Amino acid sequence: MPGWYYDKKEIKNSPSAQDGLDFETEMRYRKEGARFIIDTGSKMDLGYNTTATGVVYFHRFYMFHSFHQFPRYVTACCCLFLAGKIEETPKKCKDIIKTARGLLSDEKFATFGIDPKEEVMTLERILLQTIKFDLQVEHPYSYLIKYAKCLKGDKVKLQKMVQMAWTFVNDSLCTTLALQWEPEIIAVALMYLAGKLSKFEVLDWSGRTPKHLRWWDVFLEDVTMDLLEDICHQVLDLYSTQPTAVPDSPPPKSQANPPTPRKSNGQDKSDDSAANKSIQMTDMTPYQYQTFTTAPPPAYPSVYSAPPIQVAPHLSAPPPHISAPPPTVFPQFVSHPPPFPPVVTGTAPPPTFYPPAAPHHQNQRPFYQPPP
Amino acid sequence: MDYRRTGSSMERNDGYEELFTIGRGAYGTVYKARDRNTGKIVALKKVLVPLTDDGIPKNTLREISLLKQLDTYEHPNIVRLFDICHGQQKERELIMFLVFEHVDQDLALYIEKNANRGGFSTITIRNMAREILNGVDFLHTNRIVHRDLKPQNLLVTHDGHIKLADFGLAKTYDFEMQLTSVVVTLWYRAPEVLLGLSYATPVDIWSVGCIIAELYKLSALFCGTSEGDQLNKIFKILGKPPRNEWPKENVAVRYESFEVVDPIGISHLIPNLCTTGKDLVLSMLKFDPNKRITALEALNHTYFTEEPINT
């Protein structure tokens, strides 16, 4: 859909920024909101498309409104509520609120006011107007599947690579990537990243012609390595962001331990990765991640032989995309679930190579291409 | 938290100045309006959306978002959708405004004007027929059944091009149709609709068949006054369908209730219709929807591919 992509400068100059919210906090709010939508959706057995659609609505909404004016968890609930209707997985507003209530602290839930349902319902119309009724959103998942089918090579390695890429796509929802790049490009970038990390080098692919240097040349033109690297770094930054014990909004202006300022949203790589630093448990990603811009983390090679992963307690069975060990970038966690609880489809089929089928609207036959 | 105030200031229906009513139908009201910011003239369609316990119904949301998505293709034979906004909420209803491109005349008016001048040239008719089918094929490709194609819903631009309007909100309208008692024209309705059966894309093809015939005839082909009368008129001209084509189930109307008469025939009614044109129209007016030609097949019909010289 044209008109929903922004450059980094525009994202930095968001309504929240103009409203006095610093960039780091805004990114944290976006991450928390996205994460909350994923958690709520997952708890309600909503599919990955529904949660992803909800998250995209959320990011788009805050390109027009300030986090100061619209509390993020109310907005997040509303986005998930609307996404459920659009993706044909409707959930009752009161049930979403009920689930949210279970996931949020009293303090956070207080932002829903005295009549939480009315709060969300009122917001629905504002949300619709804000996102201009552009409700059908595409996600990288379907492209991931499409591209994977064209790659040749060791099936087991390919499978691992795709599963890792799938998790990166889940995690990418917590960044503003969906506001910057088309899902096709994000899919390519995160497959490239997963390929690198799982040491799966794509040497051949269907549709290859002599002028193709990279497998994605079949699908996309004019994608530079710089762009792909930038996208990868934006996702990797999620794992290296130093979790800081910051209370919920509004963050105090003066704090003993302010969040480490970062130069930009992934543009400049800082080398003070979170590796080997102690982790404080907060509502943020409480994981120790290691960047691997230089070398893979030590834990990396052994992960594939690791025992079956622990899944979040509410998941009765591992969803297809994590039926194998988690992506190797993450050191083995001890007591908490994978970085972001995987998005589960309503009726999880037995683990298969590919994640569940592409969304139905992928099958539509577009006769007329939108103008560039 | 004061965003309720923001909400109401965002309800931008006051961004348009309503000039006058263009049409009022089962679907709601269409106004000619002026965009206060740009001065542009637009067609403002007011749709009443019923609110449920869970807000705006998902069918309406899906239909509206599909309309928005289709608009990105900028199909030349589909009316542009500029904007969507919602007005105030009354009790259990929300007023929504769909802001469309404004086109001055519809095909009904265009036919009327040209009837006084001796009708259209065959080339003009062929071009209009092709454009109508192009638009219909586009909708069908995107899984939209128009359901109410008629000359009043086909807009004619100042340079004579056709644009389809008023589609895509069938499920939303259903609600309103129960509330309004506006008489909807039956003249372009396919037999399966008149019989109250479930229907799909072939109903639009039937309507296009009627409309193409009308472009030659300069008046409507089947002018019934009720569902039964409409079927009677159809059978009088085309002949009664064979017994085995009559739907087996759920038909309120009995096959026997229609008398068998010698069909008047299309050629007799429309002497100026060429052979290939007649073949096309008849393939669109098949009683059995499964035997009706599709929009894509129709566009490849000899009528459109032969040398455009005939009378």
Side-chain angles (χ1 to χ4, degrees), chain A residues 1-4 53 64-66 68-71 74-75 78 81-96 110-114 117-138 360-361 363-372, chain B residues 1-13 15 49 51-78 81-89 94-99 134-135 137-144 295-296:
Chain A
M1 193 73 65
W4 284 112
T53 297
F64 289 88
H65 297 287
S66 162
H68 280 325
Q69 201 186 358
F70 291 89
V74 180
T75 307
C78 190
F81 174 58
L82 188 59
K85 293 191 201 179
I86 295 303
E87 301 286 353
E88 293 289 4
T89 54
K91 291 287 175 194
K92 289 199 175 304
C93 189
K94 68 172 169 55
D95 292 339
I96 291 181
T111 59
F112 285 72
I114 47 161
K117 188 186 167 194
E118 184 54 34
E119 203 72 13
V120 174
M121 301 292 272
T122 305
L123 190 59
E124 183 186 39
R125 295 191 279 282
I126 299 170
L127 174 62
L128 279 168
Q129 190 79 72
T130 304
I131 62 178
K132 300 181 169 60
F133 289 86
D134 287 335
L135 302 172
Q136 309 211 342
V137 184
E138 282 196 306
H360 60 89
H361 61 263
N363 301 328
Q364 279 183 20
R365 175 170 64 111
F367 250 19
Y368 299 88
Q369 288 304 318
Chain B
M1 213 176 336
D2 58 347
Y3 64 72
R4 265 164 243 275
R5 198 159 38 79
T6 315
S8 59
S9 73
M10 282 171 52
E11 286 163 3
R12 285 177 295 149
N13 54 314
V49 177
L51 293 176
T52 66
D53 262 0
D54 271 299
I56 302 169
K58 72 177 167 53
N59 284 339
T60 299
L61 288 172
R62 288 187 62 89
E63 287 185 327
I64 288 175
S65 66
L66 183 56
L67 283 183
K68 274 232 58 171
Q69 204 186 25
L70 287 192
D71 196 63
T72 62
Y73 295 109
E74 298 190 23
H75 190 283
N77 304 117
I78 299 289
L81 172 63
F82 293 137
D83 195 12
I84 300 165
C85 39
H86 47 75
Q88 71 271 35
Q89 181 189 342
L94 182 70
I95 301 176
M96 302 229 333
F97 293 90
L98 278 70
V99 186
N134 262 327
D137 177 50
F138 174 75
L139 294 186
H140 290 181
T141 301
N142 286 286
R143 301 170 183 192
I144 293 180
L296 190 59

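Letters A, B, ... are given to chains in the order of the sequence lines, protein chains preceding strands, and every chain is numbered from 1. Everything quoted here is computed from the prediction, not taken from an experiment.
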Worksheet entry | Separation of B:Q69 CD from A:E138 CD (nearest 0.5 Å) | 7.5 Å
Worksheet, complete the sentence: If one checks every heavy atom of B:L70 against chain A at 4.5 Å, the contacting part turns out to be neither
Worksheet item: Which pair of heavy atoms, one from B:L94 and one from A:R125, lies closest together, and at what distance?
Response: CD1-CD, 3.5 Å
Response to the item:
Looking only at heavy atoms, the pair that brings B:S65 and A:Q136 closest together is OG-NE2, 3.3 Å
Discussion item. Would you compute the distance between atom CG of A:D134 and atom CD1 of B:I84 and round it to the nearest 0.5 angstrom?
Written reply: 8.0 Å
Worksheet item: Which distance, rounded to the nearest 0.5 Å, do you find between the CG of B:D54 and the CE of A:M121?
Response: 5.0 Å
Worksheet item: Between atom CG of A:L135 and atom NZ of B:K58, what is the distance when rounded to the nearest 0.5 Å?
Response: 14.0 Å
Worksheet item: Between B:D53 and chain A, which part of the residue has a heavy atom less than 4.5 Å away: side chain, backbone, both or neither?
Response: both
Response to the item:
d(B:K68 NZ, A:K132 NZ) to nearest 0.5 Å is 7.5 Å
Discussion item. Show the nearest heavy-atom pair for residues B:L61 and A:K85, with the distance to one decimal.
Written reply: CD1-CD, 3.5 Å
Worksheet entry | CG-CZ distance between B:D71 and A:F133, expressed to the nearest 0.5 angstrom | 14.5 Å
